[in-house]
Amino acid sequence: MAKLKIGGTWAGVIDVVLDEWTVPMLRIEVAKRSNCGPESINLICAGKVLRDGDGTEKLAQLGVKNNARILASRGSVEEGKSLEEGLLAEEERSRRLSRVKAAATALAKRHADGSLPVEDFNIEVEDQSGQIVQLGSETDQRAVMMGLMLHANGKQLIRSENYKDALEVLTMGEEAFSLCNPKVIELIDNVPILQIDMVWCYFMLRDIRWLAVAGARLEKAREGIERAHGKDYSRVRLLQAGCHPELAIHLRLELLEGVVAYHNGEFDRSRKALTSAHAKYFQLQVPDEALSLVMSMGFKERDAKRALRMSNQDVGNAVDFLVEEKAKRAQKREEDIRRRTEIMEQKRYGMTPSKKAVDLNKLNELVSVGFEKELAAEALRRNENDFEKALDNLTNPEANSAIQVDIESRKRKRKQQASETAIEQLVRMGFERSRVVAALQAGATIEQAMHQLLSQSDSNPTVGADNSANSCAPILPDASGSSNDVGGPSTASEAEERDAEMEDALAGELAKGDALTDYDIEVTNEGEAINEYLALLESAGSYVPGVSGLETT
């Protein structure tokens with residue numbers, strides 16, 4: 001027998017058996033002594049609300065121990081329901097965030113090390129010019145992929161104004177990037193931009209508790225941005241052929257620096273940062289005439305605005321930018337189709353013992369010197385894509401013969417399995433097994449066999465009366481019509497285990513973006529914030545000449 005010390009609506013000690021009592025039982029007991037209904041009693045132990053759940057969990061299972069202190073509070077039925085709904089919503093939020101992290105981890109693991117993709121797409125890291133790059137080691141590549149996926153998801157949550165969840169996801173992204181070699185991280189501006197996005201979430205949540213952290217993050221972001229973009233933005237403009245994609249990022253950075261400086265009482269520093277941000281804000285405002293002119297050439301409003309902002313409002317440069325972006329998208333579509341075709345081919349060959357895909361470049365090299373493709377693929381598969389070992393196997397008569405025997409054996413096994421599947425499918429439809437076997441053995445596809453069996457049934461009503469005949473299944477072509485009869489283990493089990501919904505959502509967010517997505521920011525909120533803090537500076541006696549009476553357009 002254990003003792004629980006109750007406080008709140010009723011004070012005293014209750015004797016319970018922790019391995020037998022449930023929360024509803026304790027609630028009823030406390031309610032009796034409090035002279036109220038059990039539905040109005042809330043129980044809290046060690047900062048955790050004790051919930052009924054399914055009513056079977058014992059107090060001991062919930063971590064309640066002898067001499068534990070239980071706070072009993074009284075609320076209305078509606079308050080109790082509201083508390084329960086809030087807890088459930090928080091649990092669902094926690095589960096969703098856990099799914100996001102797990103999905104990003106799984107995707108990065110599969111796509112960073114050359115494993116055979118479960119999906120029909122491949123995630124690859126590109127630089128600002130759209131070229132695929134390998135950043136450091138496999139671990140570095142995986143960390144960068146995971147960080148990029150979580151950053152993309154965090155930005156989507158920011159666009160939805162869900163800043164609390166965005167901050168959680170961005171924190172996960174920061175942790176992922178921290179696993180990468182710092183020398184590799186210095187080459188990219190994704191981490192500084194993520195830091196800026198995190199501070200933007202602090203600002204939009206209006207949480208002053210993050211002030212000190214915000215200042216440190218902005219210092220890191222400033223260093224990283226200047227290192228990646230070069231002095232006076234020279235490097236980024238060289239990469240982007242003279243465009244000005246970085247202005248919105250620098251505007252947000254300077255605005256946040258001004259806000260932090262203001263709250264730290266550094267008014268001069270705040271004024272300087274906000275004045276610079278204000279100038280960039282007006283530089284990013286798109287004139288109606290220029291927008292109308294670009295749209296008259298057949299471009300959508302959003303695309304036209306983006307092009308003008310990144311071209312410093314130059315109509316000619318904006319049109320050139322849009323034409324180039326259209327060509328890049330077309331090229332990207334062609335590359336995606338080519339890559340999907342390659343992935344389907346790789347799936348035909350199966351996985352290496354360490355679950356990697358067959359290297360198609362090495363395969364094509366072997367084919368170019370005269371080896372049969374299927375045979376060369378199997379040699380690479382069993383030798384972990386080691387070109388020299390695969391070549392040794394192919395040129396060794398005994399090893400070559402063994403590979404061929406293995407391929408033919410697997411073909412027969414797959415055909416046997418396909419045949420058995422087709423037979424069982426038709427037998428379950430009510431057709432007699434012996435007639436099903438005969439129809440498929442004659443070379444018919446499953447659809448042809450079905451039509452044939454239906455015709456026989458129409459002419460012979462007794463067909464289907466005996467399905468128990470046990471015939472040996474013949475070796476037939478794959479009933480599905482696919483050519484997946486080569487290679488090693490399949491990836492079916494991996495496909496079943498993955499969180500396809502969340503993984504597809506993360507991959508979809510990446511697919512929507514391009515090299516300039518991180519720079520594509522609508523600065524309306526930033527403009528309002530600049531006005532707000534410049535007004536605060538003016539009222540604090542730090543008048544800023546030439547910028548009083550600002551209006552956001």
Side-chain angles (χ1 to χ4, degrees), residues 1-106 150 157 162-176 178-179 201-202 205 207-210 212-213 496-499 501-502:
M1 186 74 70
K3 296 182 181 295
L4 298 182
K5 299 174 182 179
I6 312 298
T9 59
W10 175 82
V13 177
I14 296 179
D15 293 326
V16 303
V17 180
L18 295 175
D19 292 328
E20 296 180 4
W21 278 52
T22 63
V23 173
M25 292 169 64
L26 179 61
R27 193 189 307 281
I28 290 171
E29 191 63 31
V30 172
K32 285 180 182 177
R33 302 182 189 212
S34 304
N35 296 317
C36 63
E39 70 279 354
S40 65
I41 292 292
N42 296 317
L43 302 174
I44 301 174
C45 178
K48 178 182 177 182
V49 177
L50 299 179
R51 295 186 292 126
D52 294 352
D54 59 7
T56 62
E57 280 190 302
K58 311 306 179 188
L59 294 176
Q61 293 175 291
L62 296 172
V64 180
K65 299 179 180 179
N66 185 33
N67 289 321
R69 295 181 180 275
I70 307 291
L71 175 63
S73 62
R74 183 182 300 178
S76 64
V77 175
E78 288 73 20
E79 288 174 343
K81 288 181 179 179
S82 177
L83 177 62
E84 182 77 9
E85 290 171 358
L87 289 168
L88 289 173
E90 186 60 28
E91 276 192 5
E92 176 59 30
R93 173 178 173 271
S94 178
R95 277 196 296 270
R96 194 193 71 79
L97 292 173
S98 296
R99 286 178 63 202
V100 168
K101 184 174 183 179
T105 302
L150 292 169
L157 291 168
N162 186 352
Y163 301 107
K164 183 179 179 182
D165 283 4
L167 190 54
E168 292 272 8
V169 174
L170 292 172
T171 302
M172 295 177 197
E174 182 183 39
E175 292 172 357
S178 71
L179 301 175
C201 289
Y202 300 158
L205 289 169
D207 193 340
I208 198 68
R209 294 174 300 173
W210 293 103
V213 179
E496 291 170 1
E497 293 172 5
R498 77 187 188 99
D499 186 346
E501 181 184 9
M502 186 58 71

Value rounded to 0.5 Å, distance of CD in E175 from CG in L170: 11.5 Å
Spacing of E168 atom CD and S98 atom OG [to the nearest 0.5 Å]: 9.5 Å
Any idea which heavy atoms bring P38 and R27 closest together, and the distance? O-CD, 3.0 Å
Answer whether the closest heavy-atom distance between the side chains of M25 and E20 falls below 4.5 Å. no
Applying side-chain hydrogen bond (donor to acceptor under 3.5 Å, both in side chains), name anything that partners N66, two or more places apart in sequence or on another chain. none
The criterion is side-chain hydrogen bond (donor to acceptor under 3.5 Å, both in side chains); which residues satisfy it with T9, sequence neighbours excluded? S34
Do the side chains of L50 and I44 get nearer than 4.5 Å, heavy atoms only? no
Less than 4.5 Å apart, side chain to side chain, heavy atoms only: is that true for K3 and I14? no
In chain order, what residues pass the salt bridge (charged side-chain N to carboxylate O under 4.0 Å, His left out) check against K58, with sequence neighbours excluded? none
Presence of salt bridge, E29 and R33, under 4.0 angstrom: yes
Distance, nearest 0.5 Å, that separates CG of L43 from CZ of R51: 13.0 Å
State which residues pass side-chain hydrogen bond (donor to acceptor under 3.5 Å, both in side chains) with Y202; sequence neighbours excluded, sorted by chain then number. R217
Output for pair (I41 CD1, L26 CG), nearest 0.5 Å, gives 10.0 Å
Run the salt bridge (charged side-chain N to carboxylate O under 4.0 Å, His left out) test against E57 and tell me which residues pass, sequence neighbours left out. none
If you round to the nearest 0.5 Å, how far is CD1 of I28 from CH2 of W21? 9.0 Å
What heavy-atom pair brings V17 and M1 nearest, and what distance separates the two atoms? CG2-SD, 4.0 Å
Candidate pair L59 and L4, rule side chain to side chain contact (heavy atoms under 4.5 Å, CB included), full reasoning: CA-CA 11 Å; L59 294 176; L4 298 182; 4.2 Å; yes
To the closest 0.5 Å, what do you measure between CG (L167) and CG (L157)? 10.5 Å
Testing the basics here: between G8 and L71, what is the closest heavy-atom pair and its distance to 0.1 Å? CA-CD1, 4.1 Å
Just wondering, more than 12 heavy atoms not from W10 lying within 6.0 Å of its CH2? yes
Does R69 have any salt bridge (charged side-chain N to carboxylate O under 4.0 Å, His left out) partners at least two apart in sequence or in another chain, and if so, which? none
If you take all heavy atoms of V64 and L18, which pair is closest and at what distance? O-CD1, 3.5 Å
Can you find a pair of side-chain heavy atoms, one from K101 and one from L97, that are under 4.5 Å apart? no
